[in-house]
*Asks:* 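Take a look at the following structure, please.
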Amino acid sequence: MTRLRIALVELSPSGGLFQFALQLGEALESAGHSVDLVTGKDPELRSRAPGMTLSAILPTWHPGAPGVERFAVRKARRVARAARYLEAWRRVAVHLHGRPVDAVVWSDWRFPVDALFVAWIARRRRGAALALVAHEPRPLGEQRTSGSLYISGAPLLLRRWTLGAAYRRMDVVFVLAEQSRRDLVATWPQVRRVVTIPHGDEGIFASGPVATPDACPPRVLFFGVLTRYKGLDMLLDAFAAVRSRMPEAELVVAGAVSGNIDYLALARRAGAIGGVSMRPGYVAANDVAALMGASRVVAAPYVRATQSGVVHLAQTFGRPVVATAVGDLPAVVRDAEAGLLTPPGDAQAFAEALERLLRNPLEAARMGRRGRQRLEAESSWDLVAAQVAEALGQACTAAAAGRPTR
């Protein structure tokens, strides 16, 4: 095996993408490669791999604002963060310049400016393999006013032009499931090579044993950023139906609040239903296990999805998942095996699935156990690292020879 010197770039120092990048870096380091994770200051987690470098040098920020703030305040914060974002990319370019790196692997891109900096770095890193983990293959741009989940019109054309050029420069793009692969190829046909890898578990949060689902109260957990595409309105409709038949049922909604939802209206609806605990704000890594360990079922009522780190988190803790059958979720939440699937937008079907597992704790425990077993067998970080390293090694050989990979 050739030892690769790999730079992983994840601008955010916390959240799901950072957690994925950190665990990927740990796995690659444990497999014998040299890894430098370039990220923001004060990262929420430190590496468990002794040799891995964590270059926390970027002026990026941690999520955490509850989203209940005045419009002018939110706009001012966005302007300030845009300046910090540009500076973060400049620091990435300076950090990588001249360093002995065989491969640079980026996390997700979203904005045209990302593509400009990728092009700049690519020109300065000739001979190094370039790669991307595309967590979201399509240009996502939820707007609170328009109701659209995806960017369209002139903004879409701009991103297709700029990000398309960045995708063209990549030697390999990694995706986390087959539907994501199809979406990527359809959206960015200029990509040279696409490799599908497993997501990996979320064992970084599992500091010790937690109660099994059958030992928990009839509690549903919604975990993650509160944003429109995750179907919170439908979840509240479904839970209201559950509460009408199971007054003892509980729902916990925990996560940072996106600016594209009306949190106050959401909280009022939750209060009217009863049994709903709203916990706005980013959930610290140290609090994740307690939330998961106190819940019987995890809900993923998404309107759209690629993969979901929350689903893998639930399975890491042996929790069954009730999810909508969108994107790649059916490949992870095997219906009646690791949880239950329902049609997207069908609140009644979602309510029935929740109620089934809340009323049958032993069935919930069985599905949770099966989900964890499949995750361990099919999505270990050792397997992820082996596949990523193989693809990067091939890309390095091709880049050194001055030819594109296919």
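Start at 1 with the first residue, then count along the sequence.
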*Asks:* Which residue is it: Ile121, Val118, Ile57, Val104? I am looking for the one with a side chain to side chain contact (heavy atoms under 4.5 Å, CB included) to Val92.
*Replies:*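 Running side chain to side chain contact (heavy atoms under 4.5 Å, CB included) over Ile121, Val118, Ile57, Val104 with Val92 returns exactly one hit, Ile121.
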*Asks:* Would you say that more than 12 heavy atoms from the other residues, nucleotides or ligands in this model lie under 6.0 Å from the CZ of Arg374, or not?
*Replies:*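 Count over threshold, so yes.
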*Asks:* According to the interplanar angle, ranging from 0 to 90°, do the rings of His312 and His199 count as parallel (below 30°), tilted (30 to 60°) or perpendicular (above 60°)?
*Replies:*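 His312 and His199: parallel rings.
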*Asks:* Between Arg90 and Ala88, is there a donor-acceptor pair closer than 3.5 Å when you use the side chain of the first and the backbone of the second?
*Replies:*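 Flag not set: sc Arg90 to bb Ala88 has no pair under 3.5 Å.
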*Asks:* Please identify which of these residues, Trp109, Trp106, Trp89, meets the side-chain hydrogen bond (donor to acceptor under 3.5 Å, both in side chains) condition with Asp114.
*Replies:*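 That would be Trp89; it is the only one of Trp109, Trp106, Trp89 passing the side-chain hydrogen bond (donor to acceptor under 3.5 Å, both in side chains) with Asp114.
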*Asks:* Strictly distance-based, threshold 3.5 Å: is any side-chain N or O of Gln315 a donor or acceptor partner for the main-chain N or O of Val310?
*Replies:*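 Checking the backbone N and O of Val310 against the side chain of Gln315, no donor-acceptor pair under 3.5 Å is found.
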*Asks:* Do Asn260 and Ser258 have a side chain donor and acceptor closer than 3.5 Å?
*Replies:*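 A pair is found: one side chain offers a donor N or O, the other an acceptor, under 3.5 Å apart.
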*Asks:* Hey, what do you get for CG (Leu37) to CD (Glu26), rounding to the nearest 0.5 Å?
*Replies:*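 The CG atom of Leu37 sits 9.5 Å away from the CD atom of Glu26.
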*Asks:* Under 4.0 Å between a Lys/Arg side-chain N and an Asp/Glu carboxylate O for Arg84 and Glu87?
*Replies:*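 Between Glu87 and Arg84 there is no salt bridge, as every charged N stays at least 4.0 Å from the carboxylate O atoms.
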*Asks:* What's the separation between atom CZ in Arg279 and atom CG in Asp287, rounded to the nearest 0.5 Å?
*Replies:*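 Reported value, rounded in 0.5 Å steps: 9.5 Å.
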*Asks:* Between the side chains of Asp102 and His33, does any donor sit under 3.5 Å from an acceptor?
*Replies:*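 Note: Asp102 and His33 side chains miss the donor-acceptor criterion.
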*Asks:* Roughly how far apart are Thr324 OG1 and Tyr302 OH, rounded to 0.5 Å?
*Replies:*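 With rounding to 0.5 Å, OG1 (Thr324) is 8.5 Å from OH (Tyr302).
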*Asks:* Assess whether a salt bridge exists between Glu352 and Arg356, defined as any Lys/Arg side-chain N lying under 4.0 Å from an Asp/Glu carboxylate O.
*Replies:*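 Salt bridge absent between Glu352 and Arg356.
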*Asks:* Just verifying a value: how many Å separate Glu337 CD and Arg366 CZ, rounded to the nearest 0.5 Å?
*Replies:*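 Rounded to the nearest 0.5 Å, the CD-CZ separation comes out at 8.5 Å.
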*Asks:* For residues Thr316 and Asp201, is any side-chain donor paired with an opposing acceptor at under 3.5 Å?
*Replies:*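 Result is no, nothing qualifies.
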*Asks:* Taking only residues two or more places apart in sequence, or in another chain, which ones meet Thr162 in a side chain to side chain donor-acceptor pair (under 3.5 Å)?
*Replies:*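 None.
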*Asks:* I need the full list of side chain to side chain donor-acceptor pair (under 3.5 Å) pairs touching residues 179-188, with sequence neighbours left out, sorted by first then second residue.
*Replies:*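 Applying side chain to side chain donor-acceptor pair (under 3.5 Å) to every pair that reaches into residues 179-188, excluding sequence neighbours, yields Gln179-Arg182, Gln179-Asp183, Ser180-Asp328, Arg181-Thr196.
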*Asks:* Do Asp171 and Arg193 meet the salt-bridge criterion of a basic N to acidic O distance under 4.0 Å?
*Replies:*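 Looking at Asp171 together with Arg193, the answer is no, because their closest N to O distance does not fall below 4.0 Å.
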*Asks:* Looking at Arg296 and Leu358, would you say the former's side chain and the latter's main chain have a donor-acceptor pair under 3.5 Å?
*Replies:*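 Such a contact is found between Arg296 side chain and Leu358 backbone.
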*Asks:* To the nearest 0.5 Å, what is the distance between CD (Glu10) and CD (Gln19)?
*Replies:*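 Atom-to-atom, Glu10:CD and Gln19:CD are 10.0 Å apart.
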*Asks:* Could you go through the side-chain contact (heavy atoms from CB on, under 4.5 Å) check for Val252 and Phe222 one step at a time?
*Replies:* CA-CA 6 Å; Val252 174; Phe222 175 93; over 6 Å; no
*Asks:* Check for a donor-acceptor pair, side chain of Arg319 on one end and backbone N or O of Met292 on the other, with a separation under 3.5 Å.
*Replies:*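 Side chain of Arg319 to backbone of Met292: a pair is present.
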*Asks:* Taking atom types as modelled and ignoring hydrogens, do the side chains of His62 and Ser14 form a donor-acceptor contact shorter than 3.5 angstrom?
*Replies:*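 Distance-only check passes for His62 and Ser14.
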*Asks:* Can you list everything that forms a side chain to side chain contact (heavy atoms under 4.5 Å, CB included) with Glu376? Sequence neighbours excluded, please.
*Replies:*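 Applying side chain to side chain contact (heavy atoms under 4.5 Å, CB included) to Glu376 gives Arg372.
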*Asks:* Are Arg3 and Ser34 close enough that some pair of their side-chain heavy atoms sits under 4.5 Å apart?
*Replies:*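 Side chain of Arg3 against side chain of Ser34, heavy atoms only: contact under 4.5 Å found.
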*Asks:* Any Lys/Arg nitrogen of Glu136 or Arg304 sitting under 4.0 Å from an Asp/Glu carboxylate oxygen of the other?
*Replies:*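 Salt bridge flag = yes for Arg304 with Glu136.
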